[in-house]
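All ligand and atom numbering here is 1-based and tracks the order in the structure. In this chain, numbering begins with 1 at the start of the sequence shown. Both backbone and side-chain heavy atoms feed into the values below; hydrogens, waters and symmetry mates do not.
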Amino acid sequence: MAVMEIVLYPDERLETKCEPVDVVDDEIRKLVDDMVETMYDAPGIGLAAPQVGVLKRITVIDVRPGEGEEGEEGAAVNDLRVFINPEIIEREGTIVWEEGCLSIPGVYEKVKRSARVKVRALDRDGNPFELEADELLAVCLQHEIDHLDGVVFFDHLSHLKRRLALKKYKKALAKLLEEGDDDEDTEGDA
Ligand code: NI
């Protein structure tokens with residue numbers, strides 16, 4: 001496995017609608033595994049393929065990274081989920097959540113999303129599954145599937161808020177490039 005470079009906003013690849021995966025083969029599985037390693041390395045709770053420069057409909061999510069590490073024997077160490085060609089097939093309610101993005105480091109904004117979603121996708125073996133999600137997992141799924149459609153969380157903000165957020169981001173990015181990204185706090189980012 002290998003840690004891939006994360007594409008930073010603004011970048012054309014973050015504004016492009018991604019292509020569905022035709023066949024889940026070893027090449028796709030290698031990409032999935034590299035994306036997982038990249039997400040944990042960042043660290044973040046979600047990562048979409050365009051964020052590593054690959055314009056395919058794949059995302060990996062773990063909203064509880066490391067949880068259970070010190071728990072009972074046999075406890076899950078995490079909550080890793082792989083979604084290939086994910087589609088939201090049902091949505092309900094609204095929720096407002098403060099979101100961050102590994103491609104837009106240093107900026108956190110409140111975004112309105114559906115409170116509950118049902119998603120259909122293929123897993124790492126190419127088998128179809130459906131999943132109902134709420135709270136952070138629902139938010140993260142919508143954030144990641146947005147990435148596959150060339151949408152970032154900035155695009156959900158009002159004109160004014162977006163302008164302010166962009167200003168904040170420019171400053172955050174300049175600081176980041178100056179200091180190097182070793183101390184970067186990206187834990188809740190996706
Ligand atoms: Ni993101």
Side-chain angles (χ1 to χ4, degrees), residues 3-19 21 31-65 78-88 91 95-115 117 119 121 131 133-158 161-173 175-177 181 184-190:
V3 172
M4 303 173 86
E5 195 178 324
I6 293 176
V7 172
L8 292 181
Y9 182 89
D11 188 293
E12 214 174 61
R13 291 167 290 179
L14 296 172
E15 292 170 11
T16 306
K17 195 171 164 69
C18 298
E19 292 294 325
V21 172
L31 171 61
V32 165
D33 294 345
D34 287 346
M35 285 174 61
V36 169
E37 196 175 350
T38 305
M39 172 180 74
Y40 286 138
D41 177 73
I45 57 170
L47 186 74
Q51 291 183 279
V52 289
V54 180
L55 300 178
K56 288 187 193 304
R57 301 187 77 80
I58 302 172
T59 178
V60 296
I61 293 176
D62 186 347
V63 294
R64 294 192 308 227
N78 54 36
D79 191 25
L80 178 64
R81 294 162 195 274
V82 174
F83 301 86
I84 298 170
N85 299 343
E87 269 178 88
I88 295 174
R91 50 171 86 232
I95 192 171
V96 175
W97 206 280
E98 189 168 79
E99 296 186 23
C101 181
L102 290 172
S103 294
I104 312 178
V107 182
Y108 300 87
E109 297 292 338
K110 285 184 176 149
V111 178
K112 203 197 264 183
R113 300 281 189 185
S114 299
V117 294
V119 171
L131 175 79
D134 62 4
E135 305 246 312
L136 180 56
L137 182 56
V139 168
C140 196
L141 269 164
Q142 291 168 84
H143 179 115
E144 300 311 331
I145 292 172
D146 267 358
H147 273 305
L148 306 182
D149 290 322
V151 173
V152 296
F153 77 90
F154 274 1
D155 300 328
H156 290 281
L157 304 176
S158 69
K161 279 192 180 156
R162 188 192 160 102
R163 234 175 49 200
L164 291 172
L166 270 169
K167 235 186 209 174
K168 250 193 264 177
Y169 174 55
K170 265 190 195 161
K171 267 193 202 156
L173 193 62
K175 204 171 150 214
L176 203 70
L177 295 174
D181 62 0
E184 193 189 337
D185 178 17
T186 57
E187 225 157 281
D189 291 8

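Taking CG of Leu148 as the reference point, atom NZ of Lys56 lies at 12.5 Å (rounded to 0.5 Å).
Here the protein contributes Cys101 SG, His143 NE2, His147 NE2, Ala190 O as N, O or S atoms under 2.8 Å from the Ni ion (ligand 1).
Tested against Glu109, the residues Arg163, Lys168, Arg162, Lys161 include a single salt bridge (Lys or Arg N to Asp or Glu O under 4.0 Å) partner, Lys168.
Thr38 places a side-chain N or O within donor-acceptor distance of the main-chain N or O of Met4, the cut-off being under 3.5 Å. No donor-acceptor pair under 3.5 Å is formed between the side chain of Asp149 and the backbone N or O of Val151.
Residues Leu47 and Tyr40 form no side-chain contact, since every pair of their non-hydrogen atoms from C-beta on lies 4.5 Å or further apart.
For the pair Ile45 and Cys140, the tightest heavy-atom approach, listed with the atom from each and the gap, is O-SG, 3.9 Å.
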